[in-house]
Protein chains: 2
Amino acid sequence: MTLGDVARHVGVGTMTVSRALHRPAMVSEPLRAKILKAVDELGYVRNRVASGLASGTARLVPVVIPTLLHPVYIPFLEGAYSVLAQHGYQIILSTTEYQVSAEDRLIEALLGWFPDGLFLSGVDHSARTMSVLKRVHIPIVEVMDLSDSPIGINVGFSHYKVGVAVAEYFYQKGYRQIAYAGTMTEIDLRSVKRIAGFQQTLKDYGLPYHYIQRSNEPFSIALGGGLLNELLLQQPDIQAVFFANDDLAAGALFECQRRGIRVPEQLAIMGFNDQEIANSTIPTITSVRTPRREIGQIAAQMLVDHLQGRPPAERQVDLGFKIIERASTQAAARSISD
Amino acid sequence: MTLGDVARHVGVGTMTVSRALHRPAMVSEPLRAKILKAVDELGYVRNRVASGLASGTARLVPVVIPTLLHPVYIPFLEGAYSVLAQHGYQIILSTTEYQVSAEDRLIEALLGWFPDGLFLSGVDHSARTMSVLKRVHIPIVEVMDLSDSPIGINVGFSHYKVGVAVAEYFYQKGYRQIAYAGTMTEIDLRSVKRIAGFQQTLKDYGLPYHYIQRSNEPFSIALGGGLLNELLLQQPDIQAVFFANDDLAAGALFECQRRGIRVPEQLAIMGFNDQEIANSTIPTITSVRTPRREIGQIAAQMLVDHLQGRPPAERQVDLGFKIIERASTQAAARSISD
DNA sequence: TTGCCAATTGATAGCGCTATCATCACGGCG
DNA sequence: CGCCGTGATGATAGCGCTATCAATTGGCAA
């Protein structure tokens, strides 16, 4: 069932059918009604592949995220999907599994679809990918992080500033033995930026920086307990810990309960991402809320605007973040010795 | 940069370049090396849209899930993605947001890509969708639930049997005042099947069926507490509750802690899906583990096999489920009065 | 009446690729 | 010495659609 079949059935040219369907204003009302009726009866659906080839735009937007296994990328995906779908763009889903080399090949393959735009999470790409992206003439959208030199549109927040803000928060609260606990530092470059801001700020305050890091173990609640135990072994007088995400923080909290460590009186715990679990534990966990869904929505809206000939004024948008203070860091400053 | 450009550059025909890239055995070794070199130098990438049009197969597989907002569909998506990506198929992501009418339009639009296959979650479709799906000559994969009359491939488990198994489990444990608590019954047809099995089994045992249901409120931890309160108001002597998912069960558990109701001694709680939260609360929550990732992987593998000319022996695969018993239902049967 | 413009419809030429068949060179064989 | 099979390569014809320009009509101003 092709356009030609419909055209023959109605007794008009193929262009008239094409117009009746996609440029309604260009076809007279009675003829258009006749064509739509025939389309409906024959069950014709436009071949988007042929349409894409002929028009040069397939209304396809690949979205590349690190992984589907970690829940933080889902709200972003959802936000982007909701806006793009509304405007008739299809999403091609891809994951790098945190492998930079995979990103290279992935992006080249994705470009083979001659997409209308391209979403990438993260702003750190290989030299090869960068040169490919710069050569290609479609809007590139980098999200989740802020870039010093964005390729195209860039929506996110500064992970470095998160590290700074958390260190400052702990300092204001009176904590002086402060640690970072995380994992995947080798592949999650954004966590490295948070660490940098955190460490630098502690240094600026003249405080020691303690940390415990794993390089490749995936995030999990169980790992949080393990990291906490190792940290306490290494630094028993620790007062406050900033975890790389909420699962780890929750795991550490549960471990504290098992070991009889009172939170926040004896140990303050802060998570990252503000996932639902942070607000469900007892005590609840202070965390850094990141605008993941908004990043997806706003970035997608900017892309759509751009594609529709309304290039957004700003190419880079900093959506910020917010420390959501909960019970796990509520110890009065006085009660902490310094 | 097109195939023709590469061909001209090397001084061969376009077909030779096409073959060198995609049918290596058909081109002599030295010529092929020369062509690959030119491809690399010129940065040529195949236009998959043109390729798809010419060959009639674009290696595209749309995956339709109800929503990205609920985490249970993500492991399925991940499982399917991992297998499809490995075999060179691209996923087009789509969600229905639980609207049957949206599914109709969505599927027709997706069919416009002339995809190689189509993933649908759920087995309940509108009459219109059914007729479209039957007319189309691509493998349809229905997942998450089992169908009485699968259109094509069907991988999942029986939600009715889940209801039966949970009712039997509660009965064996000695509970006699048993309830179901859930939400979204109007749009989540699979939960309705669980309810049916649950209710029927209680009836077979001669036990009363209690329930509290909301029709459209989304799942959340907070809602779990609300449902529990309503249920207790309506039926104060309730002994065991089967929740529509783990978030609700966890919320109910937290509410019990707030109200001083001992779990499992005074009230047994069972969740559904066995998400990580069920194993993280104190006490841990008994739940029904469903093979979501496996469903995605196995279904995708069956689709790939089918597309590669190795049609799987069975069209329907029941991956079952398992009640993971944890602390929230561990009260000794004796301690419950009957 | 003539001419011109706008509105509507149609004919044609690709988009970049692959399927298919033709061509050609070469070597073995009768 | 011609015939034929085989392997390698090329020429050509679409795949189904849309961009573009041409053609036709009718209304209206000059």
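Sequence lines set the chain letters: A, B, ... in the order given, protein chains first and strands last, and positions in each chain run from 1.
The side chain to side chain donor-acceptor pair (under 3.5 Å) check on A/K134 picks up nothing, with sequence neighbours excluded. Judged as a ring-ring contact (aromatic ring centres under 6.0 Å, His included), and not counting sequence neighbours, B/Y81 has no contacts. In this structure A/N47 satisfies the side chain to side chain contact (heavy atoms under 4.5 Å, CB included) test together with A/V49, A/A50, B/L53, B/F114, sequence neighbours excluded. Remark: A/T16 engages no residue in a side chain to side chain donor-acceptor pair (under 3.5 Å) (not counting sequence neighbours).
Remark: A/S18 is not in phosphate contact with D/dC17, judged by side-chain N or O atoms under 4.0 Å from OP1 or OP2. Distances shorter than 4.0 Å separate none of the side-chain N or O atoms of A/T16 from OP1 or OP2 on C/dT8. The phosphate of C/dG16 has neither OP1 nor OP2 within less than 4.0 Å of any side-chain N or O from B/S51.
For the pair B/L53 CG and D/dC15 C1', the computed distance is 4 Å after rounding to whole Å. Protein atom CE of A/M26 is 10 Å distant from nucleotide atom C1' of D/dA19, rounded to whole Å. Per the geometry, CZ belonging to B/R59 stands 17 Å off P belonging to C/dC17, to the nearest Å. Atom CD of B/E29 is separated from atom C1' of D/dA8 by 13 Å (rounded to the nearest Å). Per the geometry, CZ belonging to B/R23 stands 16 Å off C1' belonging to D/dG10, to the nearest Å. Atom CZ of A/F114 is separated from atom C1' of C/dC15 by 11 Å (rounded to the nearest Å). Computed from coordinates, the B/L21 CG to C/dC17 C1' distance equals 12 Å when rounded to whole Å. A/N47 places its CG atom 18 Å from the P atom of C/dC15, with the value rounded to the nearest Å.
With a 4.5 Å cut-off on side-chain heavy atoms, A/I74 and B/P71 do not count as touching. Considering only heavy atoms from C-beta on, A/R292 comes within 4.5 Å of A/V72 through its side chain. The shortest distance between side-chain heavy atoms of A/L118 and A/V136 does not fall below 4.5 Å.
Every pair passing ring pair (Phe, Tyr, Trp, His ring centres under 6.0 Å) that includes a residue from residues 129-157 of chain B is listed here, sequence neighbours excluded: B/F157-B/H159. Applying the salt bridge (Lys or Arg N to Asp or Glu O under 4.0 Å) test to residues at least two apart or on different chains, none of the pairs has a partner in residues 42-58 of chain B. Residue pairs satisfying the ring pair (Phe, Tyr, Trp, His ring centres under 6.0 Å) criterion with at least one member in residues 43-71 of chain A, sequence neighbours excluded, are listed as follows: A/H70-A/F219.
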Restricting to nitrogen or oxygen on both sides, can you table the protein-nucleotides 11-13 of chain D pairs closer than 3.5 Å?
none

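Taking the screw axis at each terminus of the helix from C/dT1-D/dA30 to C/dG30-D/dC1 from five consecutive base pairs, the angle between the two is 60° to within rounding of 10 degrees.
The side chain of A/R46 has D/dT18 as its nearest neighbour among D/dT18, C/dG10, C/dC17. Of the candidate nucleotides C/dA19, C/dG16, D/dA8, C/dG16 has the atom nearest to the side chain of B/A50.
Residue-level contact check: B/V49 touches neither bases nor backbone, having no heavy atom under 4.0 Å from any strand.
Annotation for A/E41: atom CD counts as buried by contact number, over 12 foreign heavy atoms lying within 6.0 Å. The environment of CZ in A/R23 is sparse: at most 12 heavy-atom neighbours from other residues, nucleotides or ligands sit within 6.0 Å.
Note on B/E29 versus B/R32: salt bridge recorded, some NZ/NE/NH1/NH2 to OD/OE distance being below 4.0 Å.
Interface residues of residues 1-11 of chain B facing DNA chain C, ordered by number: B/T2, B/L3; criterion, heavy-atom separation under 4.0 Å. The stretch residues 31-44 of chain A comes close to DNA chain D through A/Y44, each having a heavy atom under 4.0 Å from the strand.
Nearest-nucleotide positions on DNA chain D place B/V17 closer to the 5' end than the other of B/A54 and B/V17.
A/S147 and A/N154 share no donor-acceptor pair across their side chains, judged by distance under 3.5 Å alone.
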Atom pairs and distances, donor-acceptor, side-chain atoms in residues 1-14 of chain B, under 3.5 Å, two or more places apart:
unit_1: B/T2; atom_1: OG1; unit_2: B/G4; atom_2: N; d: 3.2
unit_1: B/T2; atom_1: OG1; unit_2: B/D5; atom_2: N; d: 3.4
unit_1: B/D5; atom_1: OD1; unit_2: B/R8; atom_2: NH1; d: 3.3
unit_1: B/D5; atom_1: OD2; unit_2: B/T2; atom_2: N; d: 2.8

